[in-house]
Amino acid sequence: MTGDVTGSVLRLSRSAYDDIVHQGYDGGDEEVCGVLAGEHGDTESVVREVHRATNVADEPQVRYAMDPEEQFEIIERVEADGMAVVGFYHSHPAGPVQPSRTDVDRATWPGYSYAICAFDGYPYLGSWRWTGETFERETVALFAD
């Protein structure tokens, strides 16, 4: 389901990281989700912005789902701003930082990052690259913006 840390790195601006954490807190017991935007690379990606999407899942406390039309609009906006989609993020308000079985079953963008922010007393953000079959954990690093 998930592998060890690979050579890939997800670099987030401090403001992008803070946005994900604050959105997670604001979501309360429901998962929040969105799109990571910046520069996408094979082994290193840089996140400069995050774009929150509405969680339309039937059970938002334990699942997330983005409305396909809203996701498309976000991707168009990201590209119009001269950036690329780096991947996606969501929160696990009550769960572990690792991808769930549902996360594995629903992943669809091979080579892209899936960041998860978990809250267990304090926020922790981990990230995994989807290979098309499994998630491989990647290093997360912050930079000042």
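Residue numbers count from 1 along this sequence.
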What's the spacing between T102 OG1 and E59 CD if we round to 0.5 Å? 9.0 Å
Mark yes or no for whether T131, through its side chain, and E133, through its backbone, hold a donor-acceptor pair below 3.5 Å. yes
Kindly compute the distance separating CZ (F143) from CZ (R48), expressed to the nearest 0.5 Å. 4.5 Å
Measuring from L10:CG to T43:OG1, what's the distance to the nearest 0.5 Å? 12.0 Å
Contact between I74 and Q71 at the side-chain level, heavy atoms closer than 4.5 Å - yes or no? no
Same cluster or not: are V21 and V47 linked, directly or through other Ile, Leu, Val, Met, Phe, Trp or Tyr residues, by side-chain heavy atoms under 4.5 angstrom apart? yes
Within the structure provided, determine whether E31 and P93 are in side-chain contact (heavy-atom separation under 4.5 Å). yes
Taking the inter-plane angle between the rings of H40 and Y112 on a 0 to 90° scale, is it parallel (under 30°), tilted (30 to 60°) or perpendicular (over 60°)? parallel
Is I20 reachable from L142 through a run of I, L, V, M, F, W or Y residues, each pair having side-chain heavy atoms under 4.5 Å apart? yes
Same cluster or not: are I75 and W130 linked, directly or through other Ile, Leu, Val, Met, Phe, Trp or Tyr residues, by side-chain heavy atoms under 4.5 angstrom apart? yes
Can you measure from CZ (R14) to CG (D19) and round to the nearest 0.5 angstrom? 11.0 Å
Minimum heavy-atom separation for Y89 and L36, please, with both atom names. CD2-CD2, 3.6 Å
So, for C117 and P123, which heavy atoms are closest and what is the spacing to 0.1 Å? SG-CB, 4.1 Å
Taking F119 as the starting point, is it possible to reach Y114 by hopping between hydrophobic residues whose side chains are less than 4.5 Å apart? no
Mind checking whether V32 and R52 have side chains closer than 4.5 Å, heavy atoms only? yes
Side chains of R63 and S100 only: does a donor on one sit below 3.5 Å from an acceptor on the other? no
Please check if the number of heavy atoms outside D105 that lie under 6.0 Å from its CG is greater than 12. yes
Hey, does the side chain of R129 reach the backbone of G111 with a donor-acceptor pair shorter than 3.5 angstrom? yes
Rounded distance (nearest 0.5 Å) linking atom OH of Y17 with atom NE2 of H22: 9.0 Å
Any non-hydrogen side-chain atom of V50 less than 4.5 Å from a side-chain atom of Q23? yes
For L125 and V97 the tightest heavy-atom approach is C-CG2, 4.4 Å
So which atom in M66 and which in C33 form the shortest heavy-atom distance, rounded to 0.1 Å? CG-SG, 3.8 Å
Donor-acceptor under 3.5 Å (D67 side chain, E69 main chain): yes
Could you pull out the closest heavy-atom pair between V86 and V46, with the gap in Å? CG2-O, 3.5 Å
Restricting to non-hydrogen atoms, name the atom on N55 and the atom on A57 that form the minimum distance, rounded to 0.1 Å. OD1-N, 3.0 Å
For the atom pair CG (D145) and CG (L12), what is the distance rounded to the nearest 0.5 Å? 10.5 Å
So Y64 and H90, would you call those rings parallel, tilted or perpendicular, with 30° and 60° as cut-offs? parallel
Strictly by modelled atom types, are D103 and H92 linked by a side-chain donor-acceptor pair under 3.5 Å? yes
Determine whether the side chains of E136 and S8 contain a donor N or O and an acceptor N or O closer than 3.5 Å. no
